[in-house]
Every structure is written in C-alpha cells, then in structure tokens.
There are 2 protein chains.
Amino acid sequence: MSFVVKRRLALLPTDRSLSGALGLARGVDVLGLREAKKDRTRFQLLEAALDLIARQGFEQTTLNEIADAVQVSPRTLLRYFPTKEDVIVSWVDEGMAVLREGLEARPPGESRPEALLAAARDMLAAYQARGGFFLVIERAIATSDTVAARKQQMMEVLARDVSAILAEREDGQAQHGEARSSLIRDVHVGTVFAIIRASIRSWVGTNGGRPLPDLFDEAACAVRFVET
Amino acid sequence: MSFVVKRRLALLPTDRSLSGALGLARGVDVLGLREAKKDRTRFQLLEAALDLIARQGFEQTTLNEIADAVQVSPRTLLRYFPTKEDVIVSWVDEGMAVLREGLEARPPGESRPEALLAAARDMLAAYQARGGFFLVIERAIATSDTVAARKQQMMEVLARDVSAILAEREDGQAQHGEARSSLIRDVHVGTVFAIIRASIRSWVGTNGGRPLPDLFDEAACAVRFVET
DNA sequence: CGACAAATGACATAGTCTGCCAGCTTATCT
DNA sequence: AGATAAGCTGGCAGACTATGTCATTTGTCG
C-alpha cells in the first residue's frame, strides 16, 4: 500500500500519445487500445520518477516507489525500461536521436563542419521546442552522477553513429590514411558534442533563460574546425 | 574453494609499490608493513580483475571470483574499491589526475589554449610512459558499456575541476558576462577532452602502434581555439 | 462469442553494495 | 619486551537492482 500523493507535473496532457510528447513522428494514425495504454503507462512512469527524484534524489528513490505510484509491478516497470536510469535517460536519447536523421538529410555538398553544426543546431531547436519537457528531465539527470554517466554513455554511442554517418557521407574523399582521417573525424564529432553539452549545461543552469539555439551559436564561436 | 589458476599479467613486478606502478610520486620513503601490504593487495585485485575480464567479460565476472583469485573476502574487495567498476577505472582516474597538477603548474602568462593543450599533452606522455599498463586497462574498459560510462563520469568530474582551475587562473580577465565566459570555457575544456578521448581511442585501436603524444598532436590540429 | 497473442503480476534467483560486530594483526608507548 | 590502542579483515544480515519463469488477465481479431 502506497500513501504517495500523486502530484501531476502537467508536462503534457496525459491523453496525448508518447510520440506526441516527444514531438516525434511515429507512423501511426490510430493507436490500438493496447498501444495507447502502453504509451500512457510509459509516460506516467516518467512523471512519477521525475516527481520522486525531484524530492528525494535518484539513489534514494527505489523502483518499488516508482512502480507503486503508477500502480504497476516493479517487474513491469523493468519491462518498459531496461534499467532504472533509463526511466529518465531514454527520453533524452530519443530526443537526441534526431541528430542522426538531421545529419543524413544535409545536402551532400556541404562541408563536414557545416553539416555537423547545422544538424546539431536543428536538434537543439527541437529540444527547445518541447518547452520545459527536456529542461525538467535534464534537471533530474543533473542530480545524480550515475544517471549523468548513463546519459554520457548514450551520447557516446550517438557520437559513434554520427561519426559513421560522416564516414560514409565522405567516402572517396579520403586523402590521408584511414587511421588519421578517422582520428580527425572523431575530434570533430567530439568537439560538436562538447559544444552541445556546454550549451545544455548553460541552458539548464539558467533555467532555460535563453533559447538553446542561441547558446549553441555562442558556444560554437569558441572553436573553429580545421579541415584536413 | 577456488580453482582459478592465477596467471600473472606481469605488468609490473609485484614487489613494486602501487605508487611506483602509476609512476606517481607519493610522499613516501618507506611504507609501513601495513601500507605495503595494502598496496600489494590493491594491485593484485587489479591483476585478477583484468585477467578474468579479458577472458569472460566484465558483467560475467563477479566480485566473488575476483576476491577468490586474491584470496580475499568480497567484503574486503569493496573496502579497497567503492564499486566493482572502480577496480578497473580508478587507475585511469589516478593517471588522468595529473592533468590537474600539470595545469596548475603552467606559467601564468600562457594563454588558455596553450596551457590546456600543454597540460593534456604532458598527461598523455605520462600515460604513454607507463608502457602497456594503461593500454591493458583501456582495453578492459572498452569491453563493457557500464565501465566505459563510469570512466566518462570520472572524466566529467575532472573536466569540471579543470574548468574551475582555469576560472581561478584567469579571474580578473573576465570581460564578458559570467555566464558567457563559463560557457566558452566549458567548450574549450570539452574540446580538449574530445581530443584526448580521440587520441586514446586511436591509440587503443592500433594497440599502441604509435606514441600517444604524437596522436594527440595530430588530433589537436583538427580544431583551433578562438579566444574571447 | 471464442481463439489467439500480448501484457501483467507473482514468485524465485543472482549479484552488487552497505552496515555491523567480532577477531586478528600491526603500530605505538612505556 | 609487554601492554594497549588502532587499523584491517571476514562473516553475517539486509536492501536494492535486475533477470527468468509461469500462471493469469486483458486486448485483438475472426
């Protein structure tokens, strides 16, 4: 029996689908009752987790508490999210994943720095467009080192994907050894992610006082990419 | 009862002190019997962990196995290292921590990029000087996402410290708002860490084929720091 | 409605990590 | 050297995360 008072965060109307919450298109017209319920549960779990974590911190909040708040068994919670950290972090991951598509959609003629910066900026614009959604999530992440580590890890995976996309996009232009060109590519990608991270940190630190894309532009001025 | 055959990795003679293993000066002339024993146990735990992980992977290797191999109780293992991941990762942390001192030792007149790059290069030179030591560790880290995440976290903490050192080093020169200057500082620090990570990855990927400082120099050419 | 598939909950289990206490070893002082 | 204090170790109990399994419930479709 749980006596936790459920305080709605009102991030979004709960009758809205999960896909809608992220502002992501999911090829769906009408979700079946089943899928709608799943979407709703998934989002409720996020809400409960954010609420509890905001009050108690991440490590002090147990799986049981989160599950109880949504009246779901802990076993079920772990079927929705592979780990406790993922309850929070997977949303950021979904948000950032648009970087992949964005990058692939850039015109082929564009230089690597142009494409990278443009795609990253677009992603952060979408990030910003979700209102306080990601701001709340980022704040929750910032309260725990282990969650922050997990987010970093996901961004690392994303960085590899981005690097791979660039490699394919630019094949045939390799004028140096493979090792050297991938080294430099990794530096470029890593630098863009450094800009992204710094922007987000500043954004969170000032409670979203300034638009994220603006911060990104400002941050991007701090470095210049040297092309081979 | 454990039947694990103890295979020496022969990274270092075991009669050498832990401090020596890292090539770090620790204000010590003669370690007491107690401390010497602790150093030896700590290093044996690393050896056992590296050995087991190389064969079975990180998650498949339990605390019990590692502890058994050194004939120590699991409880004691966790007194030496706060978590299982730290058995491996804490060494990298100690190795990287020289970046702090190195940065503080840079001449005050130096520009931020100069100081950052020089300190980072020195750190990697020390890294390289330890021979295969860090190479083995990095390889073990690369086999598991959770360990990699933990390493990221430690580097994140280090990055904050570095940023703080820079902030203090440059106070009085602030000509923009505090928020803006810390944003740009974070980008600079993050970029240096991107260079470091890319170098290490390339180093590990080629099994240490080329000297780490050389890779660093090459990687550093890929970006240029814009001051103020 | 009835058959089928999916989702859920209720165990059981492994493994990580912490607190606690008793027993032993090392260091220190007389 | 001997006694006392301090530190180290091992074993035990307990909380929590995470995974596998199986019976039950719920949604879907003919």
Side-chain angles (χ1 to χ4, degrees), chain A residues 1-2 4 17-18 28-45 48-49 52-53 56-90 144-150 153, chain B residues 1-2 4 17-18 28-45 48-49 52-53 56-90 144-150 153:
Chain A
M1 176 74 86
S2 161
V4 175
S17 86
L18 175 67
V28 169
D29 296 328
V30 181
L31 294 82
L33 217 175
R34 207 170 237 164
E35 306 233 339
K37 211 172 191 176
K38 278 197 348 191
D39 262 13
R40 194 160 48 84
T41 302
R42 193 173 141 92
F43 191 73
Q44 284 177 336
L45 286 170
L52 290 164
I53 289 172
Q56 313 173 339
F58 180 80
E59 0 276 340
Q60 281 64 43
T61 303
T62 69
L63 283 175
N64 261 305
E65 290 178 293
I66 302 173
D68 274 3
V70 189
Q71 288 180 323
V72 153
S73 78
R75 190 65 188 85
T76 295
L77 189 157
L78 287 171
R79 276 197 267 257
Y80 277 85
F81 302 97
T83 72
K84 184 178 149 191
E85 286 133 20
D86 284 286
V87 177
I88 302 298
V89 147
S90 63
S144 161
D145 282 347
T146 71
V147 190
R150 177 118 188 135
Q153 180 194 339
Chain B
M1 177 73 86
S2 162
V4 175
S17 86
L18 175 67
V28 169
D29 297 330
V30 182
L31 293 82
L33 217 176
R34 209 168 237 164
E35 307 234 337
K37 211 173 191 175
K38 278 195 348 189
D39 261 15
R40 193 159 48 84
T41 302
R42 195 172 139 90
F43 191 73
Q44 283 177 335
L45 286 170
L52 288 165
I53 290 171
Q56 313 173 339
F58 181 80
E59 1 275 340
Q60 280 65 42
T61 302
T62 69
L63 283 175
N64 263 305
E65 290 178 293
I66 302 174
D68 274 3
V70 189
Q71 288 180 323
V72 154
S73 79
R75 190 67 189 83
T76 295
L77 188 158
L78 287 171
R79 283 201 187 90
Y80 278 85
F81 302 96
T83 72
K84 181 177 150 191
E85 285 129 21
D86 284 285
V87 178
I88 301 298
V89 148
S90 63
S144 162
D145 282 348
T146 72
V147 191
R150 178 114 188 138
Q153 178 195 341

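Side chains are part of it too, since the values below use all heavy atoms of this structure and drop only hydrogens, waters and symmetry mates. So you know, we letter chains A, B, ... as the sequences are listed, proteins then strands, and number each from 1. These numbers come from a predicted model, not from an experiment.
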Atom of [X], atom of [Y] and distance for their closest heavy-atom approach:
{"X": "A:Ala67", "Y": "A:Ser73", "answer": "CB-C, 3.9 Å"}
{"X": "B:Thr61", "Y": "B:Gly57", "answer": "OG1-O, 2.8 Å"}
{"X": "B:Val72", "Y": "B:Leu77", "answer": "CG1-N, 4.0 Å"}
{"X": "A:Ala48", "Y": "A:Ile66", "answer": "CB-O, 4.2 Å"}
{"X": "B:Val87", "Y": "B:Leu45", "answer": "CG1-O, 3.9 Å"}

Which atoms of nucleotides 23-25 of chain D (N or O only) lie under 3.5 Å from a protein N or O atom, and what are those distances?
none

Under the side-chain contact (heavy atoms from CB on, under 4.5 Å) rule, what do B:Arg150 and B:Thr83 come out as? Steps first, then yes or no, please.
-> CA-CA 10 Å; B:Arg150 178 114 188 138; B:Thr83 72; 3.9 Å; yes
Under 4.0 angstrom, heavy atoms only, what part of the nucleic acid is B:Thr61 near: base, sugar-phosphate, or nothing?
-> sugar-phosphate
Contact class for A:Leu78 vs. all strands (heavy atom < 4.0 Å): base, sugar-phosphate, or nothing?
->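 Base: the residue A:Leu78, judged by heavy atoms under 4.0 Å, touches a nucleobase.
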Which dot-bracket notation, 5' to 3', represents the base pairing of DNA chain D when pairs are defined as Watson-Crick or G-U with both distances under 3.5 Å, crossing pairs as [ ], and inter-strand pairs as |?
-> ||||||||||||||||||||||||||||||
Please report the distance, rounded to the nearest Å, between [atom1] in [X] and [atom2] in [N].
{"X": "B:Leu63", "N": "C:dT16", "atom1": "CG", "atom2": "P", "answer": "4 Å"}
{"X": "A:Glu59", "N": "D:dC16", "atom1": "CD", "atom2": "C1'", "answer": "12 Å"}
{"X": "A:Lys84", "N": "D:dA15", "atom1": "NZ", "atom2": "P", "answer": "16 Å"}
{"X": "B:Phe81", "N": "C:dT18", "atom1": "CZ", "atom2": "C1'", "answer": "18 Å"}
{"X": "B:Gln60", "N": "C:dT16", "atom1": "CD", "atom2": "C1'", "answer": "15 Å"}
{"X": "A:Arg42", "N": "C:dA7", "atom1": "CZ", "atom2": "P", "answer": "13 Å"}
{"X": "A:Asn64", "N": "C:dC11", "atom1": "CG", "atom2": "C1'", "answer": "14 Å"}
{"X": "B:Phe58", "N": "C:dG15", "atom1": "CZ", "atom2": "C1'", "answer": "12 Å"}

Main chain of [Y], side chain of [X]: is a donor-acceptor contact present, judged purely on distance under 3.5 Å?
{"X": "A:Glu65", "Y": "A:Thr62", "value": "yes"}
{"X": "B:Ser90", "Y": "B:Asp86", "value": "yes"}
{"X": "A:Lys84", "Y": "A:Phe58", "value": "yes"}

Contact check, side chains of A:Arg34 and A:Lys37, non-hydrogen atoms, under 4.5 Å = no
Taken to the nearest 0.5 Å, the spacing of A:Lys38 NZ from A:Tyr80 OH works out to 6.5 Å
Using a cut-off of 4.0 Å between protein heavy atoms and nucleotide atoms, how would you tag nucleotides 4-12 of chain D 5' to 3' with B, S and -?
-> --BBSBBBB
